[in-house]
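Numbered from 1 within each chain, the chains take letters A, B, ... in sequence-line order.
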2 protein chains.
Amino acid sequence: MQASDGGWTIPEVAVTVDLAVLTVRSGALQIMLIRRGVQPFRGKYALPGGFLASTMEDTDTAAARELAEETGLDPSDLHLEQLRTYGSPYRDPRQRVITICYLAFVPHLPSPTAGGDALHAVWSPVQPILDGDVRLAFDHDQIVADAVERARSKLEYTTLGAAFCPSEFTVSELRMVYEIVWGQRLDARNFHRKVTGSPGFLVPTGARSRQKGGRPAAVYRRGAAELLHPAILRAGSRPVAGTTPHDDMST
Amino acid sequence: MQASDGGWTIPEVAVTVDLAVLTVRSGALQIMLIRRGVQPFRGKYALPGGFLASTMEDTDTAAARELAEETGLDPSDLHLEQLRTYGSPYRDPRQRVITICYLAFVPHLPSPTAGGDALHAVWSPVQPILDGDVRLAFDHDQIVADAVERARSKLEYTTLGAAFCPSEFTVSELRMVYEIVWGQRLDARNFHRKVTGSPGFLVPTGARSRQKGGRPAAVYRRGAAELLHPAILRAGSRPVAGTTPHDDMST
DNA sequence: CCCGTTCTCGTCAAGTTGACGATAATAGCT
DNA sequence: AGCTATTATCGTCAACTTGACGAGAACGGG
């Protein structure tokens with residue numbers, strides 16, 4: 001459990017790398033879960049992940065490799081970032097386990113997963129987890145809550161909403177991503193003006209989508225911009241009108 | 001190095017909790033460093049921190065305790081948040097060490113620290129580190145760069161700029177924090193309008209500061225608001241603050 | 001060919017930002 | 001006291017952004 005280092009021993013702990021993989025499907029924000037086959041929490045759902053191998057693998061690389069295994073997709077196409085590290089002492093009943101958690105945004109996957117670890121992987125809507133109606137293994141409820149909040153925030157000031165869309169998409173598809181992740185309706189006309197007016201957000205392909213009804217929409221691809229200036233703010237995060245800008249101190 | 005768990009062994013690695021403690025002093029954004037007394041990187045400067053004790057201490061708690069030891073301040077007064085976890089395999093030449101790094105904003109500390117670990121602690125301007133003119137131990141240059149970028153970003157959309165100020169401060173002091181952290185001049189009149197118009201950012205104490213010259217400024221305390229809506233965005237870059245030599249904490 | 005639907009462009013009032021003039025209130029100096 | 005330099009605070013105005021919403025464009029389906 002400890003390695004010697006010139007008369008001093010360095011304590012060691014178990015470390016896992018877990019993934020919070022979010023997607024938008026069936027009109028809901030969903031997260032990838034696996035059903036645990038071993039104790040503890042056998043039979044419960046948990047985030048995919050695993051112990052950091054004793055090999056000298058970078059944690060970022062380990063997360064990308066796991067993501068590729070679970071989704072069957074090239075991780076260079078997907079958005080993957082570190083979410084947070086969870087180090088509460090009793091989050092694993094066996095022994096102390098610290099989890100480095102990563103957050104991924106993936107588009108609606110066309111085929112079910114193919115990797116070996118992913119045999120038990122399922123997509124599950126996040127809302128029942130946030131509401132406490134579904135309980136996950138360990139402290140993964142909290143991780144899911146953190147992941148969703150990070151995702152909602154990221155849509156405001158980055159172009160990552162497009163990471164939930166396929167490589168080619170319309171403004172309406174992007175708007176529905178925002179509406180589903182934020183859980184609120186957006187004005188289609190103002191949203192269109194906003195995203196098409198943000199330099200580098202959308203690159204028109206020239207093609208037009210055809211669907212059941214309505215005017216065909218222009219098809220776009222993701223642009224090079226990653227940050228949005230200014231941000232697209234969710235309702236409720238706007239200043240309250242009526243407050244006096246210059247308030248007298250004498251009160 | 002491994003613990004048995006029903007026929008399977010869980011690999012373990014060494015974990016440290018490090019601190020990136022930022023402050024504004026002498027007109028520059030500075031970070032707390034310690035001079036290493038042991039190998040590796042003996043004599044080099046590094047972020048304060050230590051191996052995660054084998055005790056069942058929460059990593060957040062461990063970071064807060066270390067911060068209190070280094071600064072001598074009550075950690076409940078200070079802003080402390082997790083920055084990132086660094087897990088590159090060869091960042092420590094001895095063996096694999098994963099570092100959970102925390103970010104703290106502290107005001108200009110009036111008195112030197114009293115703890116034992118802090119005897120060698122110094123404040124050092126971040127700019128030479130960002131420029132590559134000063135090299136730290138391990139990958140701590142990168143951590144400092146991440147910490148500064150996080151701090152600059154946090155000033156935009158949170159009220160954490162006030163965490164660099166003493167408990168009572170003026171708008172000018174707050175503006176200088178912004179100017180120093182962002183490295184650009186801000187219009188004093190627009191900044192005043194902006195921060196006094198943000199509900200919950202500043203609470204007037206009724207007192208007025210007296211200083212060398214000029215009209216006395218109203219004195220404020222931090223308000224309850226943590227998020228700024230809308231954000232204060234940095235704009236045109238105009239470098240302002242120079243760098244000062246290494247400054248002992250007991251100044 | 002009409003109709004419902006969706007996409008896209010315009011318009012307008014309200015609010016915010018950036019540039020900057022003007023006034024207020026102090027210290028230091030003669 | 002009067003003057004000046006300095007800093008704080010208040011106002012003004014044009015340019016821009018936002019939210020609400022009208023209106024036309026371009027389809028599929030009856």
Is a side-chain donor-acceptor pair under 3.5 Å present for A/T59 with A/Y102?
yes

Carefully, step by step, assess B/D146 and B/Y86 under the rule side chain to side chain donor-acceptor pair (under 3.5 Å).
CA-CA 11 Å; B/D146 292 347; B/Y86 296 83; 2.6 Å; yes

Does D/dA8 have OP1 or OP2 sitting under 4.0 Å from an N or O in the side chain of B/S172?
yes

Could you pick out which residue, A/D187 or A/G213, lies toward the 5' side of DNA chain D when each is mapped onto its nearest nucleotide?
A/D187

Taking any heavy-atom pair under 4.0 Å as a contact, classify B/T170: base, sugar-phosphate, or nothing.
nothing

Is the distance from OP1 or OP2 of D/dT17 to the nearest side-chain N or O of A/K194 less than 4.0 Å?
no

For C/dT23, does either OP1 or OP2 sit under 4.0 Å from a side-chain N or O belonging to B/R215?
no

May I have the distance from B/R234 (atom CZ) to C/dG18 (atom P), rounded to whole angstrom?
14 Å

A/R208 CZ to D/dG28 P, straight-line distance once rounded to whole Å
13 Å

Spacing of A/L202 atom CG relative to C/dT8 atom C1', expressed in whole Å
14 Å

Under a 3.5 Å threshold, yes or no: a donor from one side chain and an acceptor from the other, between A/Q142 and A/H140?
no

Taking atom P of C/dT11 as reference, at what distance in whole Å does atom CZ of A/R189 sit?
15 Å

Using OP1 and OP2 only, check whether a side-chain N or O of B/T196 sits under 4.0 Å from D/dT9.
no

For the residue pair A/S167 / A/R221, report whether a side-chain donor-acceptor contact shorter than 3.5 Å exists.
no

May I ask you to evaluate whether B/H192 reaches the phosphate of D/dT9, defined as a side-chain N or O under 4.0 Å from OP1 or OP2?
yes

Tell me: CZ of B/F169 to P of D/dT7, nearest whole Å?
20 Å

Whole angstrom value for the distance that separates P of D/dT17 from CG of A/L228
13 Å

Rounding to a whole Å, what distance do you find between A/Q184:CD and D/dG19:P?
10 Å

Tell me: CZ of B/R175 to C1' of D/dT9, nearest whole Å?
12 Å

Ignoring hydrogens and angles, are the base of D/dG19 and the side chain of A/R193 linked by a donor-acceptor pair under 3.5 Å?
yes

Given C/dT8, D/dT7, C/dG18, the nucleotide with the shortest approach to the side chain of B/N190
C/dG18

Electrostatic pair A/E156-A/R152, nearest N-O below 4.0 angstrom:
no

